[in-house]
Every structure is written in C-alpha cells, then in structure tokens.
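Reading through the structure tokens given below for one structure.
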Number of protein chains: 2
Amino acid sequence: MNQNNIQQCHHSHTGHSHKSCVSLVPIFNHLEVEQLDKIMATTKSVSYKKNELIYRAGEESDSLYIINKGKVHIYRLAESGKEQLVRILNPGDFTGEMALFSEVTHESYAKAIVDTTVCMIKRVDLQDLLVKYPSISLKIIAEFSSRLEASEKQATSFSIVKVETRIALFLAESLDKEEPDRVELTLPMSKKDLASYLGTTPETISRKFSDLEAQGYIKQLTHKRIEIVDLEGLLLV
Amino acid sequence: MNQNNIQQCHHSHTGHSHKSCVSLVPIFNHLEVEQLDKIMATTKSVSYKKNELIYRAGEESDSLYIINKGKVHIYRLAESGKEQLVRILNPGDFTGEMALFSEVTHESYAKAIVDTTVCMIKRVDLQDLLVKYPSISLKIIAEFSSRLEASEKQATSFSIVKVETRIALFLAESLDKEEPDRVELTLPMSKKDLASYLGTTPETISRKFSDLEAQGYIKQLTHKRIEIVDLEGLLLV
DNA sequence: CGGGCTATTGAAGGATGTCAATGTGAGTGG
DNA sequence: CCACTCACATTGACATCCTTCAATAGCCCG
C-alpha cells in the first residue's frame, strides 16, 4: 500500500470552493444561506493527491471530512494484512464522523484514489453547529441510519451467501442507480477493488463473472462495462 | 422459526415500569427529572412472551423500542432462508430506529427470547423530543456511531478471516467485559446462536472449539462456560 | 422419566483461497 | 501519435476450509 505522508496543499478560506463544498452536502444543503455562511466560516479546504492517505487507522480523529471533488476509498485491515474496501466516497459524501462521537481513533484508512479536495470541520465546531441547528442532527442520524442498514446487510450477505450471489446482488443494486430500464452498467471500481469490497479475491471474481456469462445472465462488454442479459435469472443465482 | 403472532399484553401507563424504562436508557438518562416526566408521558409499555416476534422484516415501522426487561434477538434472513443473528438486546438497549429515519419497513426480525417488556415511542413523538432536546440527538448519534463501528468491524472479519479467528476475536472481546484478569467467561448465547452470529454452522463451531481446546488455548468447563488458558496464543490463531 | 432441542462427531463433497504463469489494456512519456 | 510499461485481469492446478447430511450423545424442563 502507498504510505505517502499526509500533505495539506490549499488552505484557501475564500469563496468558491467552500461554498460548493458546504452547500453540496445533504447534511447541510437544507439550511438557509445565512446559516451556510456561518458554517463555511468554520470549514477548511484541503487537497490530497492521488494515492495520498487522508487518515489512517490508529490516528486520532478530530475532524469531519466532506468530499468536495475527487474520490476516496475507506478500507480496513485484517490481522492477516488483507484489506477490505468498506466504502467509496464521492463528492458530497462525508467521513470521519465515527471518531467524532464515540471513538478516539480511526479504525479504518481513507485514501484519495484520484486528486481530491475535502472540507474539514473540527469536532468542536461541528458540535456547536449541532446544538445551534438541530436539523443537522436529524440529517446525520438519517445518514447513519442508512449506512448502518447497508453495513448490516453487507455483513449478512458476507456470512451467508456464496460469492456468486454477492456479485449478483451487487450488480442488481448498481443497475438501480442508472436508468431502471437500461441493461448496461459500468462497474464503479476495478475488479480487484470489487474483490476487496465483496470480501473475496480477484481470481474468484474473474471466474464467477465468467460463470455468470457462460450461464447467460450477463455479458462482459469490456472489463468495466457489463450488460445484464437476464436480471430475473441473475437474482435467483 | 416460531411465527407466533405479536401480542400486546400490558398497556400500563402508570408509574413504575415507565420510570425505570426511560431513566434506564443512555439516550435519556442524562436529562432532568422534569424532562423525563414529559418523555414518559409519550411512551407505552408492552410485554412479549418468550419466542414472540416484536417486529418482522417487511413490516412498517413507526416506533422506537427500548428494552426494559428481558432479552431480544435481532436477526436477518438471507435468500437461502438461513438466518443470521445481528445483535442481542439487553435492558437499556434500543431498536427500531432504522425505520424511523431512513427506511419505511424493517429489514430484520426482532424476537423476544425470554419474557420481555419494552417501552415504545412513536416516531412523531420521538421527533418532537429530538427537536425539543437536542442533546438526545447527540446521544443517538453516538450510539449509532459505535454500532456502525461494530457492524463494519464484523463485516470485515466475516469477509477476511477464518472461523477459528472469528471465534478467537469473539472470545477475547467477551473477556474484556468481565474483569480483565478473570480467565473464565460465560457465553452470552448458545453455540447454535453463536454459529448464526459468526456466520457459520453449529457443527463448525463445535469442531473449532474442540480444536482450540486441543491446542491448549481454551478449556470448555461446561457448554457455556469457557476458560481462556492462553489469550496470547488465542489471538494469534 | 420422557421429549425435544442443543451439542458433538464422522464422512464426503463443494466452494473458495493460493500460487504461478500468461494475457490485456489504460496511462505515460517520448 | 505511438510504443512501452506496469498494474490489472484471466486461467489452471491444487490445497484447504467449510458446509452438508447423518447419526449419536447430552442436557434442560416439564
């Protein structure tokens, strides 16, 4: 893994990038302009280059990170050293909130996988905001709630179903997000990362995709481009 | 699985059981007596007999459940029909919150595994409370945060490590909660349930416990009573 | 004391991980 | 614009872990 040091590039406290940052996020974007201004005043913009770590497990955490631009992988390390991709953050998503409330240190790693800009809010500032604007708490609770839902679902699927089924479920979910009638989708990550996300190996992923294709459920147009031929059948795998 | 109907027994809106219920829970117990009274007025006490379902997947949810007395299993069903134990609730724990904020229906099942009494708060009442007492939101966020932490940790361990290691980690964690120097612990559930919780089968659990004993890491005093002989070694499994 | 559920143990087959070799493609620098 | 290169992807062979099915033993509670 790349162990580049954390590097803070921009510290622009002015204007544009902030505004888009704060007003982007679901947890803030329901607020009035005036309130947004106050929030912006407490945030700091930081940029990371491709493959830089934003934080690592064991580090103390005192900030919330909101992705402004770029893409971030959240992953964990097992004792074996094997890593598992937990979540992928895109602009508008946030992370770092765990350590803000219950833990003192991060338990996972956050890595920018392309050049990325984030907005940071300090723990104390965020807590002030929560007290001042209770509606933010509700948004955060809603976000946590759905993330918890997803995580428990993932834990269940890991422990119970075959890799082939996990892939089928993953493909079906990915499909939803594009037009429902479209039968073609682009994998949001490499198959190597998909293996990590689904808790298996690239070799198995490769084989299972071949199997699914041989059985006529999908067609692999390119490495990342998949056509769903038989969604019904796929979900019965 | 027992598919007993939900049965509501007590509807006592008076005194004692309420008081202990509301003042028990971490999310409320920091509030003033006066505030507790208001909250109590909005709760309803309901009892369930052993093996009764409190809610089931697919059902609409509009209440938060706080365990007053008893023990509740939260579990999920995979397509295969196999069930996985997600969480065990003891007095003071709560559930039902997911559906309150992000989903309309439950995705899991809640079953009383002994005679159990819960306090229910309606969605709307709870939301009033959150607006009125922002500190409750902070407590709930903290609770969610740690639960999310646990869930992601579990997902990682499922996807990455061997059953033997999962057992080792589980035993080590169980040990923490009792006196740290005590080398003996009582399993909080049957081995059958442990299998479900760890995403495996009773047979495998049985065999792995035997293996761990043969390797000198643990000693099985009774079916539920385990002595940790070599914690160091256990964690290296 | 008996019934039913939990726990254990054996044998066999299936699914996935590992190791190793080879193919492929996207991005980079000339 | 092209060629090079390195990481990603694929494929095969094999080992291992785990599940499944089946049978037996043990325990709790009525």
Side-chain angles (χ1 to χ4, degrees), chain A residues 1-2 49-51 73 78-85 111 113-115 157-168 186-215 218-226 237, chain B residues 1-2 49-51 73 78-85 111 113-115 157-168 186-215 218-226 237:
Chain A
M1 186 184 331
N2 286 313
K49 291 209 293 271
K50 181 175 170 178
N51 286 328
H73 279 193
E79 304 67 30
S80 61
K82 203 168 161 184
E83 57 183 64
Q84 197 224 347
L85 185 59
K111 181 163 77 175
I113 60 165
V114 298
D115 291 359
S157 101
F158 280 170
S159 69
I160 294 186
V161 306
K162 291 183 301 191
V163 171
E164 211 170 44
T165 312
R166 282 180 234 163
I167 293 175
T186 302
L187 295 180
M189 57 187 122
S190 70
K191 285 187 181 165
K192 176 174 173 285
D193 287 335
L194 183 60
S196 169
Y197 184 68
L198 295 181
T200 182
T201 60
E203 292 93 330
T204 299
I205 290 283
S206 214
R207 282 187 248 273
K208 294 306 178 185
F209 267 87
S210 297
D211 289 352
L212 290 173
E213 188 164 17
Q215 292 165 51
I218 67 172
K219 202 174 285 180
Q220 301 189 62
L221 307 175
T222 73
H223 280 171
K224 289 204 151 194
R225 198 94 199 134
I226 308 291
V237 166
Chain B
M1 186 185 332
N2 286 313
K49 291 210 293 273
K50 179 176 169 177
N51 286 328
H73 280 191
E79 303 68 31
S80 61
K82 203 168 162 184
E83 57 183 66
Q84 196 224 347
L85 184 59
K111 182 162 75 175
I113 60 165
V114 298
D115 290 359
S157 104
F158 280 170
S159 70
I160 295 186
V161 304
K162 290 183 301 191
V163 171
E164 211 170 43
T165 312
R166 282 180 233 165
I167 294 176
T186 303
L187 295 179
M189 57 187 122
S190 69
K191 286 186 181 166
K192 177 174 173 286
D193 287 334
L194 184 59
S196 169
Y197 183 67
L198 295 182
T200 183
T201 61
E203 293 93 328
T204 299
I205 290 285
S206 212
R207 283 186 247 271
K208 294 306 178 186
F209 267 87
S210 299
D211 290 351
L212 290 173
E213 188 164 16
Q215 293 165 51
I218 67 173
K219 203 174 284 178
Q220 300 189 63
L221 307 175
T222 73
H223 280 170
K224 287 205 151 192
R225 197 94 200 135
I226 308 291
V237 166

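Below, read A as the first sequence line, B as the second, and so on, with proteins coming before strands; counting in each chain starts at 1. The shown structure was predicted, so the numbers you read here are calculated from the model rather than taken from an experiment.
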*Starting at the 5' end of DNA chain C and moving along, which residue's nearest nucleotide shows up first, A:G199 or A:H223?*
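In this pair, the answer is A:G199.
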*5'-most contact on DNA chain C: B:K192 or B:R207, nearest heavy atom basis?*
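The residue mapped nearer the 5' terminus is B:K192.
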State whether [X] places a side-chain N or O below 4.0 Å from either non-bridging phosphate oxygen (OP1 or OP2) of [N].
{"X": "B:S210", "N": "C:dT9", "answer": "yes"}
{"X": "A:Q220", "N": "D:dT10", "answer": "yes"}
{"X": "B:S206", "N": "C:dT9", "answer": "no"}
{"X": "A:T204", "N": "C:dT16", "answer": "no"}

*asked:* For a quick check of understanding: with a heavy-atom distance under 4.0 Å over all strands, which category does A:S190 fall into, base, sugar-phosphate or nothing?
replied: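 Sugar-phosphate, no base atom in range.
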*So what does B:K224 touch, heavy atoms closer than 4.0 Å: a base, only the sugar-phosphate, or nothing?*
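Touches nothing.
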*asked:* Let's see if you can work this out: which of C:dA7, C:dT9, C:dT16 has an atom nearest to the side-chain heavy atoms of B:K191?
replied: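 When the side chain of B:K191 is considered, C:dA7 is the closest of C:dA7, C:dT9, C:dT16.
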*Considering only D:dT10, C:dT18, D:dC18, which nucleotide approaches the side chain of A:K82 most closely?*
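The closest nucleotide is C:dT18.
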What is the distance from [atom1] of [X] to [atom2] of [N], rounded to the nearest Å?
{"X": "B:Q84", "N": "D:dT19", "atom1": "CD", "atom2": "P", "value": "12 Å"}
{"X": "B:M189", "N": "C:dT6", "atom1": "CE", "atom2": "C1'", "value": "15 Å"}
{"X": "A:K208", "N": "D:dG12", "atom1": "NZ", "atom2": "C1'", "value": "15 Å"}
{"X": "A:I226", "N": "D:dA9", "atom1": "CD1", "atom2": "P", "value": "11 Å"}
{"X": "B:K162", "N": "D:dT19", "atom1": "NZ", "atom2": "P", "value": "14 Å"}
{"X": "B:L194", "N": "C:dT8", "atom1": "CG", "atom2": "C1'", "value": "15 Å"}
{"X": "A:F209", "N": "D:dT11", "atom1": "CZ", "atom2": "C1'", "value": "16 Å"}
{"X": "B:F158", "N": "D:dT19", "atom1": "CZ", "atom2": "P", "value": "11 Å"}

Are any of the side-chain heavy atoms of [X] and [Y] separated by less than 4.5 Å?
{"X": "A:K208", "Y": "A:E203", "answer": "no"}
{"X": "A:I226", "Y": "A:K219", "answer": "no"}
{"X": "B:I113", "Y": "B:K50", "answer": "no"}
{"X": "B:F158", "Y": "B:Q84", "answer": "yes"}

*Please indicate whether B:K192 has more than 12 foreign heavy atoms, meaning atoms of other residues, nucleotides or ligands, lying under 6.0 Å from its NZ.*
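No.
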*Helical bend (five base pairs per end, nearest 10°) for the helix from C:dC1-D:dG30 to C:dG30-D:dC1*: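 Comparing the axis at each end, I get an angle of 60°.
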*Report yes or no: is there a donor-acceptor pair, N or O only, under 3.5 Å between the side chain of B:E203 and the base of D:dC21?*
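Check passes, donor-acceptor contact within cut-off.
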*Can you find an N or O donor on one side and an acceptor on the other, under 3.5 Å apart, linking the side chain of A:R166 with the base of C:dT16?*
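No pair found.
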_Please check: side-chain N/O of A:S210 versus main-chain N/O of A:S206, any donor-acceptor pairing under 3.5 Å?_
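Judged by distance alone, yes, a pair lies under 3.5 Å.
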*Where the side chain of B:E213 meets the backbone of B:Q220, is there a donor-acceptor pair that is under 3.5 Å apart?*
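Yes; judged by distance alone, with no hydrogens or angles, the pair exists.
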_Nearest-0.5 Å distance that lies between atom CG in B:D193 and atom NZ in B:K191_ =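 Between B:D193 CG and B:K191 NZ, I get 13.0 Å after rounding to 0.5 Å.
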_I want to confirm an ordering. Mapping A:I205 and B:T200 to their closest nucleotides on DNA chain D, which one lands closer to the 5' end?_
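Looking at the nearest nucleotide for each, A:I205 comes out on the 5' side.
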